[in-house]
Amino acid sequence: MPTKPNNTPGFWVLFATITAASMAFVASSSLNVALPAIQVELGARGADLIWIPNAYVMVQASLIVVTGSMGDHHGRNRVCLVGILLFGLASVICGFATTTNVIIAGRLAQGVGSSMIVPNSLALVSAHFSRKGQGWAIGLWSGFTVLMAGMAPFFAGVVTDLGMWRLVFLIHIPLGILAAIVLLRYVPESYNRNAPRRMSLVGALLIIIGLGGITFGFIESSTFGFGSPVIIVAVIGGAGAVALFLRDEREGKHGILPLWLFKSRTFSSANAISFVFHGVIQPALLYLPLNLIQVQGYSATFTGLSIIPLILVATLGSTLVGPLLDRRGPRLPMALGLVIVAIGFYFFGNVGVTAGESDYLSSFFVPVVIFGFGFGLSFAPLTLAAMASAPENNAGIASGVNHTTTRVGQVLVVGVLGGLAITWFGQLLMNDAYIRSLPTEAQAHLAADAGDLAQTSIPDWLTTEEQERVHQAIRESFAAIFGILMRIGTAACLLSAVIAIFTIDDRELKLKRGRDILDDSDMLPDELRKPKADDPRRKRPPEFPGDSQ
């Protein structure tokens, strides 16, 4: 058989990891467009609209440190394949669900699968592309996963308008089959040869219970309230489990999370910025489709179309910034992207209630484009800073930590802001001058149903004119809450840009990514430093695009 060209393995690594990771990202983005239809058909309440997407994110946040470390220990390819299989089975459960509870159960299982896929797909990229080519590869991985995730809302909008929202879940299956075939046939296995042979089961349970308790507490805070014993026990118990895990891990008892990684200021800062950045991004992605459909009157199809410009410019930003990361480092592109996202948030917050689809170009189009381009410029630098500041052997756990901070940020911010949004919406609605002029019975009805946000039911005994006025008050209240959330996003992104300027060290990343210099890094314990050139344990890795750059 003819010898394959050197770039063939690199192509297949990118193809497989992008396709696999796209399953997880598509599962988040496409669902937002279908939520209104699910709410109507299955009778989901406002709290369910937060729980359905957050059940998935909660499990990711709970498991992703463990599954990322599992990839380093037992093989990133192997763990990724198991995740693909589990994710596919869970998608079938969601696709044929007849109740909200079944969908939530399926989303929990999808979260387990995605926790195996996402960190290990990115770790495979990091392991097979080194030096300057790593920025290029991560830029492509970021850009194309964003593209896949972004095109999903259009598909979701079309099938939802056709009454087939269940296909939003079933589309993951062909993606999983493609990724699994390529991983099995073309992608070589990689793992950390220096990792302990076994991971501690006690340590794994501690970090899972800890992160799970914290995220559960913040998700359900919008339902029970922060003063509820359930929430207090979940959050305090979760924090205690995490503290116990970190105490034991500092002594090396669990072999899951090498805490010396956090000695790197760049690694720590990149993860802190990811926590804030993705935390404020998630409410925008959750509430924007609800705003467009339930307040602005867009169809689900048009909503999907309206978001496509965001995805196209985000993909463009990620792919363009990749080569720049190899030459200049992530600090300035990251800060610039965060500032642009802040500008997009600001414009979103000033839109208000429009006349509908005919006003799209003069209202939502500009903030969509600005927001998307800034997101694209920020995403790849944040990912590279977190990955390249850790040794290649620890790619899985570095990816796991980065995605954990991302997911925990999403859960906590959506939980807190989601609960506040429901509270603020009810207050704004009931303080509206027209609503206060209605009979007490009508006010009580609206107050009791305000938890459904823009889907708040209107008393059917009111006259047609009164119902229209109430509907307008509901729309204006939701638009006002959306504006507040967007201004919070503006402030958070500007603060993150300042932190990036003063804490992300491009020189540190250049040293980390130099293979010959890695042996002398004071960040690594002696037993984890790479073998010398004359050590028989040292094997020359295969060549991939970017290795010679």
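Just so you know, residue 1 is the first one in the sequence shown, and it goes up from there.
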Does the pair Val368 and Ser306 meet the rule for a side-chain contact (heavy atoms from CB on, under 4.5 Å), with working shown?
CA-CA 8 Å; Val368 158; Ser306 69; over 6 Å; no
Check against side-chain contact (heavy atoms from CB on, under 4.5 Å), Ile370 and Phe347
CA-CA 9 Å; Ile370 295 174; Phe347 281 113; 3.9 Å; yes
Please answer whether the main-chain N or O of Tyr287 pairs with a side-chain N or O of Asn291 as donor and acceptor at a distance below 3.5 Å.
no
If you define the side chain from C-beta out and look only at heavy atoms, does anything of Val295 sit under 4.5 Å from Thr354?
no
Could you pull out the closest heavy-atom pair between Ser91 and His172, with the gap in Å?
OG-ND1, 3.2 Å
How close do Val339 and Ala497 get, heavy atom to heavy atom, and via which atoms?
CG2-CB, 3.8 Å
Point-to-point distance, once rounded to the nearest 0.5 Å, from CG of Leu140 to CG of Leu147:
11.5 Å
Rounded to the nearest 0.5 Å, how far apart are OG1 of Thr406 and CZ of Phe379?
7.5 Å
So do the side chains of Gln294 and Gln455 get within less than 4.5 Å of each other, counting heavy atoms only?
yes
Counting heavy atoms not belonging to Tyr346, are there more than 12 under 6.0 Å from its OH?
no
Pairs where residues 415-463 contributes a residue and the test ring-ring contact (aromatic ring centres under 6.0 Å, His included) is met, not counting sequence neighbours:
His445-Trp461
Distance from Ile307 atom CD1 to Phe364 atom CZ, nearest 0.5 Å?
10.5 Å
To the nearest 0.5 angstrom, please state how far the OG atom of Ser269 sits from the CZ atom of Phe262.
11.5 Å
Looking just at side-chain N and O atoms, do Thr266 and Asp505 make a donor-acceptor pair shorter than 3.5 Å?
no
Is any side-chain heavy atom of Phe375 closer than 4.5 Å to one of Val313?
no
For a quick test of reading the model, state the closest non-hydrogen atom pair linking Val118 to Ala24 and the distance between them.
CG2-CB, 3.5 Å
Between Arg487 and Asn350, is the side chain to side chain donor-acceptor pair (under 3.5 Å) condition met? List the steps.
CA-CA 9 Å; Arg487 292 183 184 92; Asn350 291 327; 3.1 Å; yes
Looking at CG of Leu417 and OG1 of Thr423, how far apart are the two atoms once the value is rounded to the nearest 0.5 Å?
11.5 Å
Shortest non-hydrogen pair, Val112 vs Ser115, comes out as O-OG, 2.6 Å
Any side-chain heavy-atom pair from Leu310 and Val369 closer than 4.5 angstrom?
no
Begin with the C-alpha distance, continue with both residues' side-chain angles, and end with the deciding distance and a verdict on side chain to side chain donor-acceptor pair (under 3.5 Å) for Glu468 and Gln472.
CA-CA 6 Å; Glu468 290 177 355; Gln472 182 64 19; over 6 Å; no
Measuring only between side-chain heavy atoms, which start at C-beta, is Leu462 closer than 4.5 Å to Pro459?
yes
Are the side chain of Thr145 and the backbone N or O of Ser142 linked by a donor-acceptor pair below 3.5 Å?
yes
Which heavy atom of Thr17 sits nearest to which heavy atom of Ser121, and what is that distance?
CG2-O, 3.3 Å
Just say parallel, tilted or perpendicular for the rings of Phe348 and Phe482, cut-offs at 30° and 60°.
perpendicular
Is the OH atom of Tyr298 crowded by more than 12 outside heavy atoms at less than 6.0 Å?
yes
Donor-acceptor pair, distance only, cut-off 3.5 Å: does the side chain of Ser268 make one with the backbone of Arg265?
no
Report, as yes or no, whether the 6.0 Å neighbourhood of atom CZ on Phe155 holds more than 12 heavy atoms from other residues, nucleotides or ligands.
yes
Side chain to side chain donor-acceptor pair (under 3.5 Å) for Asn402 and Ser274? Distances and angles first, verdict last.
CA-CA 7 Å; Asn402 184 240; Ser274 292; 3.3 Å; yes
Report the C-alpha separation of Thr463 and Glu466 in whole Å, then their side-chain angles, then the decisive distance to 0.1 Å, and conclude whether the side chain to side chain donor-acceptor pair (under 3.5 Å) test is met.
CA-CA 5 Å; Thr463 67; Glu466 288 174 331; 3.3 Å; yes
Look only at the side chain of Asp432 and the backbone of Ile435, and say whether a donor-acceptor pair between them is shorter than 3.5 Å.
yes
Can a donor-acceptor pair be found, under 3.5 Å and without considering hydrogens, that links the side chain of Glu357 to the backbone of Ser299?
yes
Examine the side chains of Thr440 and Gln443 and answer whether a donor and an acceptor come within less than 3.5 Å of each other.
no
Side-chain donor/acceptor of Thr404 to backbone N/O of Ile64, under 3.5 Å:
no
If you look at every heavy atom in Ala386 and Ala270, which pair is closest and at what distance?
N-CB, 3.9 Å
With a 4.5 Å cut-off on side-chain heavy atoms, are Met148 and Leu175 touching?
yes
Step-by-step side-chain contact (heavy atoms from CB on, under 4.5 Å) determination, Leu246 to Ile207:
CA-CA 9 Å; Leu246 293 176; Ile207 192 64; 6.0 Å; no
Where the side chain of Gln296 meets the backbone of Tyr360, is there a donor-acceptor pair that is under 3.5 Å apart?
no
Does one side chain, of Asp449 or Ser457, offer a donor that lies under 3.5 Å from an acceptor on the other?
yes
State the CG-CD1 distance between Leu122 and Ile117, to the nearest 0.5 angstrom.
13.5 Å
Say whether, by atom type as modelled, one donor and one acceptor occur between the side chain of Arg331 and the main chain of Ala385 under 3.5 angstrom.
no
For residues Leu382 and Pro330, determine if any side-chain heavy atom of one lies less than 4.5 Å from a side-chain heavy atom of the other.
no
Whether Arg107 side chain and Ala55 backbone form a donor-acceptor pair below 3.5 Å:
no
Could you check if a side-chain atom of Leu170 sits within less than 4.5 angstrom of a side-chain atom of Leu167, using non-hydrogen atoms only?
yes
Does the side-chain contact (heavy atoms from CB on, under 4.5 Å) test come out yes or no for Ile499 and Ile504, once each step is laid out?
CA-CA 8 Å; Ile499 294 173; Ile504 300 298; over 6 Å; no
